[in-house]
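The structure appears below as structure tokens.
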Amino acid sequence: MSLYLGIDSSTQSMTGLVIDTDEQAIVAEASINFDEHFAEAYDLESGVVDFGHGVVHGQPLVWVEALDFLFEHLQAAGVDLGRIEAIAGSGQQHGTVYLNEMAEEVLEGLSGELPLKDQVSNIFSRATAPVWRDTSTTTQCREIEANVGGTGQLLSLTGNTAFERFSGPQIRKFWQEEPDNYEETDCICLVSSFIASLLAGRLVPVDPGDGSGTNLMDIRTRQWAPTALEATAPDLAARLLPVTPSTKSAGTISPYFVQRYRMNDTCRVLPFSGDNPCSLIGLGLVQPGQIAVSLGTGDTLFACIPDPVVSEDGEGCLFASPDDTHYMALICFLNGSLAREAVRDRYALDWEGFAQCLKSTHPGNNGGMMLPYFDPEIVPHIPKAGVVRENLEADDASANVRAVVEAQAMSSKIHARWMEVPITSISVTGGASANEGILQIFADVHGCPVQRFETTNGAALGAALRASQGHHPEIPWPDIVEPFTQPASGFIVQPDPAAVETYAGLIPDYEALERRHQETIE
Ligand code: XUL
């Protein structure tokens, strides 16, 4: 039995997924929902604290507590944790965790006698951590771009224009607004490297997959770019650990987990990566040309590409793949499940009722359309929340349900053009991929089959596969992913030719509506 654990620390939950590579099977999955366990104690809603004015932070101590809960759940589920050979993980991208000078010593001295939270509560130089939903750093984005010599310079150096949610602009804002606390900061982690550091009992560097979501990494050398660091905040280089290859072990697990959960002291910890880069692996996208959609708190559409291609209009992102060879082109929509949940709640539905609404309505929605900007949107760039309805009655629950999903699918088609990857099939993951009605709309809008997998936790599966590859680097990537990334039987949704035609006619109208709204808001 060869067991590997993947941990996904996402916006609303922390998930653990264990694979057995001899049996070629997922043998356990457990998830800790943050609101369910910690909403009251940490003032959370949808996993985060919304401070208003676009400031959205996570609570690092929630992630610390959730990690202990996760191990307890896996143990209670009967997983023999002592047989896990390696762990890798995935974190919500871009979020930054600020640690003080005590962090290193505390992490190295963790004792299995006390819960993690009791031991690490004093290692932070900032109590909360800005996360990807934060839209408050437009000023810093423009400043960083200007400091490196212009938007084009930053784009060609790092693969991305400055985005509000990216780590660099968030770090700059912290330095500007809280210079004393910045001074007290010894090490800035990403969510991914922070969780890896807890597991390894030492500060674990950032991998290039997540490093490329910072506006600080040279996308070609996969190392920090000094020009970008200098453009962001003083002495930033001293506060970052060097970028490390995703496939290179960060050492063995902390004695804390050996003492408390009977892990084996030879269990290796791989650097964690971002959730999207891990989903790339978890959906089997290790060869160029493959496309996937992840339906999470936000939705993303991404592709594996051979060489860096940048999004000139600044909508898309370019990341390094954690296979340490390829690249990942991505677009991120903030209003994913956030918008689906807002519609579900507005009409007092549950997910079953939501699915029924999709069934009882028709492709094209009789011309009813919605711009679902329940929160400010990343793609297209819409700085102010506001839902727009066209030919759509606000009190018609079914039509609004269809409108929100059709909008998301059409937007994903319109804004993926820059990737220059022909979309001939889509692999889908994330919680909402369990809803077949949603998959049908994506199949019809994109005019191609959509396939779903056994697990909806593509990021956690990708992390587990990365753990197994780290332990067996001699096995080529396609052989690592192949047994775990076959579509679950019966879960290929085929496009309906009549609906494909309907959407082909509707997409230009949707695009025009989007553009009109964007013009009025900017
Ligand atoms: C990607 C992005 C989101 C987060 C969600 O750029 O911001 O998909 O990674 O966890």
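Keep in mind that the numbers below use all heavy atoms, side chains included, and drop hydrogens, waters and symmetry copies. Since the model is a prediction, treat every value here as computed from it, not as a measurement. Whatever order the structure lists them in is the order used to number ligands and atoms, beginning at 1.
Those atoms of ligand 1 that come under 4.0 Å of a heavy atom in Q92, given as number and element, are 10 (O). For ligand 1 and H94, the ligand atoms under 4.0 Å from any heavy atom of the residue are 1 (C), 2 (C), 6 (O), 7 (O). Every atom of ligand 1 with a heavy atom of T300 under 4.0 Å away is listed here by number and element: 8 (O).
S273 and D207 form a side-chain donor-acceptor contact under 3.5 Å, judged by distance and modelled atom types alone. With 3.5 Å as the limit, one finds no donor-acceptor pair spanning the side chains of T96 and Q170. Under the 3.5 Å distance criterion, with hydrogens and angles disregarded, a donor-acceptor pair is assigned to the side chains of D444 and Q440. S311 and D313 form a side-chain donor-acceptor contact under 3.5 Å, judged by distance and modelled atom types alone.
Nearest protein neighbour of atom 2 (C) of ligand 1, counting heavy atoms only, is C332 SG, 3.4 Å. For atom 5 (C) of ligand 1, the closest heavy atom belonging to the protein is D275 OD2, 3.3 Å.
Of the candidates Q93, R165, Q12, R165 brings a heavy atom nearest to atom 7 (O) of ligand 1.
The shortest N/O to N/O separation between N276 and ligand 1 falls below 3.5 Å.
Remark: aromatic rings of Y373 and H517 are close, center separation under 6.0 Å.
Using a cutoff of 4.0 Å between basic side-chain nitrogens and carboxylate oxygens, R340 and D299 are scored as salt-bridged.
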